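One structure below.
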Amino acid sequence: MTTRQTAKSPLLDSLNEVQCAAVQHESGPVLIHAGAGSGKTRVLTHRVAYLLENLDTKPWEILAVTFTNKAAREMKERILDLIGLTARDIWVGTFHSICARILRVEAEKLGYKRNFMVFDRDDQIKFVKEVMRDHSIPEKDYAPANVVRIISGAKSALVGPDDYVSMAKEPLEEAAALVYGHYQKRLKANNTMDFDDLLTNPIYLFEADAATLERYQDKFKYLLVDEYQDTNKTQYQFLKHLVAKHKNLCVVGDDDQSIYRWRGADIQNILNIEKDYPGCKVFRLEQNYRSTKNILEVANSVVHNNRRRRDKSLWTNNDYGDKVAIIDVVDQIAEAKYVSAAIKSELAHSGRNFRDFVILYRTNSQSRVLEEALRNSGIPYMIVGGVRFYERKEIKDVLAYLRLICNPLDSISFKRIINVPLRGIGDTSLAKLEEFARHHALSLLQAAGRASEIDTISPRIQKNIFSFFELIDKYSNLKEEFSPGELARALVEEIGILRTFKEVNTEEARSRSDNVVELLTAIANYNNELGEYSLEAFLEEVALIADVDTWDDRSNAVTLMTVHSAKGLEFPVVYITGLEEGLFPLTRTFESEEELEEERRLFYVGATRAREKLSLTWASRRLKFGEYFQNLPSRFIDEIEPALVERIDLRQKYPARTPWRGARSSRNNVPAPPKYDDFSQDLPQLYVGSEVKHRKFGIGRVKAIQGNGENLKVVVRFQEAGERKLVAKFANLEVIE
DNA sequence: TCCAATGTAATTTTT
DNA sequence: TTACATTGGA
């Protein structure tokens with residue numbers, strides 16, 4: 001138990017001078033310019049505590065915005081630790097979740113019902129596809145995903161459908177402009193909002209209704225925003241409205257860590273804050289407490305090549321630490337094997353745990369090879385991102401039922417499940433049903449309730465459609481009586497998906513079945529921090545869930561994730577893989593200096609996640625679309641001060657396993673990689689952990705490798721013959737695996 | 001209406 | 001390579 005004094009609160013004891021000043025700043029706008037690892041979360045949480053303890057502020061008058069739900073949860077926990085239970089009433093969340101919370105109350109003022117649903121990207125694409133079909137815009141020429149991207153871009157720039165029409169230039173934009181208006185209308189007819197609507201609707205509300213705006217202005221006397229460098233125009237506008245009266249806005253950010261430009265984030269928000277908020281006080285946290293000097297210098301030396309940035313330099317009192325390793329490997333397989341071998345050896349020598357390691361990559365597709373290598377080495381791992389739990393087919397199917405039960409207007413969910421499980425209702429019948437619905441201005445579900453009136457559909461199918469209607473109707477009525485968990489369980493039982501999976505009885509079906517069970521458990525255990533226990537609340541939370549939010553940092557496993565997902569996290573040992581021209585930075589960013597700078601910041605974010613050890617790997621060729629492409633090392637590697645790194649060339653040591661095919665495609669005319677002497681072509685590919693067979697000793701596993709080329713020696717533990725040290729050249733080992 | 005076979009496009013990053 | 005979508009046959 002800590003006792004609290006008022007005079008010099010111990011709250012401030014653990015803070016440095018600048019942190020202290022930032023925490024104590026009382027009113028008016030503040031920017032806390034916080035470099036990586038400079039203790040910004042600490043400042044934010046302490047500031048909240050300070051506001052509550054030393055000013056006459058109530059917890060519900062504080063709004064804190066974080067970038068992910070996970071960050072929100074952690075922040076709340078840390079404030080709870082500092083000041084106890086009163087912290088429960090603080091509003092902490094992402095922009096999306098906070099806006100959703102406001103809209104739950106205000107939706108009717110905007111012409112929505114309060115039980116509106118939130119569409120994820122998948123649903124958006126389906127919706128756009130429908131609109132495109134209705135207006136005969138060919139999907140071949142305009143990928144629905146791109147149309148969604150453009151519409152989303154317009155929305156996050158607060159450009160409405162009508163205004164966008166005149167702004168569209170390229171054919172794709174014109175197509176999107178055409179879709180935009182219909183898409184928006186259809187969303188509303190379905191009582192549904194997409195991610196962008198969650199942010200724009202509160203703004204439209206505030207602008208249309210001064211009284212409501214003032215209510216929220218008075219409610220939130222203090223606003224705190226984390227990761228301000230990644231706010232977009234809508235988020236900026238949202239804050240602007242809210243703080244206009246009391247002006248107590250505190251933003252924390254670092255322009256060097258702005259990595260969401262492609263999502264509409266505007267780095268100018270942080271660069272121009274003094275213009276936007278006159279009198280804005282600026283604090284700079286430049287001392288890094290996280291990383292070794294070498295790691296920090298590597299990160300600095302790269303990001304200093306950016307021109308559009310505030311001039312600053314992060315420093316640390318920490319040790320120099322190990323040099324940063326740059327590992328040259330021959331291909332993605334060697335890369336993956338190297339990383340798992342390195343983790344193993346690090347585990348053996350340093351007493352670290354699996355959870356101390358993270359493997360980062362630029363694109364999700366790189367994870368597969370890494371996973372395989374980790375699996376083969378028996379290293380437990382966790383993947384963040386990729387195919388998300390809530391995006392799996394079976395999960396989305398069950399969720400669609402629940403959504404339709406909550407929101408009968410949801411036509412996307414209706415179509416998703418009308419024939420799942422099979423009810424003999426195919427595209428033709430569905431089209432007739434839709435036609436009927438349109439003609440009578442009904443929702444699809446209502447139309448289903450009157451299926452007997454649609455005489456173009458055969459009576460048998462009419463009956464099936466009607467019983468589907470009855471099913472949904474039944475559960476809509478049961479919703480008030482049953483808890484969400486009971487309702488979902490009963491529903492799953494009634495539609496019998498688990499049974500179907502059991503009949504199929506393949507491994508895939510079993511895993512699907514497990515997923516559904518897991519979903520049921522999640523619903524049953526659901527109980528959010530606001531104490532809401534409704535199906536609607538659950539569905540909303542699910543829609544707003546981010547990759548990192550599901551990451552369990554307590555389990556002891558190596559983490560794999562994209563550099564984007566790693567924002568805000570830290571690990572003792574970090575591997576950044578795929579540092580090749582064209583991959584990191586990505587090819588398409590070559591033309592635009594701005595995009596290239598964003599890639600550089602992304603590298604900076606990745607590197608500054610590391611506390612003690614940082615390794616960078618690049619492969620001179622990599623499999624892409626089933627074909628090998630040659631690579632040059634990333635320009636970021638060249639930008640690193642050479643004195644800070646140790647370069648390890650493994651291209652001879654671990655030769656390629658797959659025969660060389662080279663780049664045949666003309667779109668990839670990258671110059672050939674540096675030449676090297678290959679004198680090891682006849683040696684088998686040996687890695688720590690490989691399973692090998694020896695003519696005399698039998699089967700064993702490689703424990704260690706030393707030397708290279710002709711002098712390559714391996715330590716193998718044989719099942720029968722025990723541990724042996726062998727010269728690879730003479731041992732004639734056969735790799736099994 | 002369903003299923004299997006074939007063809008094709010794709011990899012940024014995500015609330 | 002794989003995932004998805006479209007096609008054609010049952």
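Just so we're on the same page: letters track the sequence lines, and every chain starts at 1. What you are looking at is a predicted structure, and each value in this text was computed from that prediction instead of being measured.
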What does the list of N/O pairs under 3.5 Å between the protein and nucleotides 13-15 of chain B look like, with a distance for each?
from   : atom 1 : to     : atom 2 : distance (Å)
B/dT13 : OP1    : A/N364 : N      : 2.8
B/dT13 : OP1    : A/N364 : ND2    : 3.3
B/dT13 : O4'    : A/R362 : NH2    : 3.4
B/dT13 : O2     : A/W262 : NE1    : 3.2
B/dT13 : O2     : A/R362 : NH2    : 2.5
B/dT14 : OP1    : A/T562 : OG1    : 3.2
B/dT14 : OP1    : A/S565 : OG     : 3.2
B/dT15 : OP1    : A/D547 : N      : 3.2
B/dT15 : OP2    : A/R388 : NH1    : 3.3
B/dT15 : O2     : A/H96  : NE2    : 3.0

Can you classify the ring geometry of A/Y216 versus A/F206 as parallel (below 30°), tilted (30 to 60°) or perpendicular (above 60°)?
tilted

Rounded off to whole Å, could you give me the CD1-to-P distance for the A/I576 and B/dT12 pair?
20 Å

Are A/Y180 and A/Y183 close enough that their ring centres sit under 6.0 Å apart?
no

A/I333 has an atom CD1; how far is it from atom P of C/dT1, in whole Å?
12 Å

N-O pairing of A/E597 and A/R309 below 4.0 Å
no

Do we get A/R104 above A/F116's six-membered ring, with its NZ or CZ under 6.0 Å from the centre and within 45° of the axis?
yes

Before accepting this row, confirm whether a basic side-chain N of the pair A/R261/A/E599 lies closer than 4.0 Å to the acidic partner's carboxylate O.
no

Given atom CZ of A/F584 and atom C1' of B/dT11, what is their separation to the nearest angstrom?
15 Å

Using atom CG of A/D331 as one end and atom P of C/dT1 as the other, report the distance to the nearest whole Å.
15 Å

I need the CD1-C1' distance between A/I461 and B/dC2, as an integer number of Å.
13 Å

What is the distance, rounded to the nearest whole Å, between atom CD1 of A/I418 and atom C1' of B/dT1?
14 Å

What is the distance, to the nearest angstrom, from the CD atom on A/E580 to the P atom on B/dT12?
15 Å

Separation of C/dA5 C1' from A/K126 NZ (nearest whole Å)
13 Å

Considering only atom P, compute the distance from B/dT13 to C/dC4 and round it to an integer number of Å.
15 Å

Do A/D397 and A/R512 meet the salt-bridge criterion of a basic N to acidic O distance under 4.0 Å?
no

What does A/K129 touch in the nucleic acid at a heavy-atom separation under 4.0 angstrom: a base, only the sugar-phosphate, or nothing?
sugar-phosphate

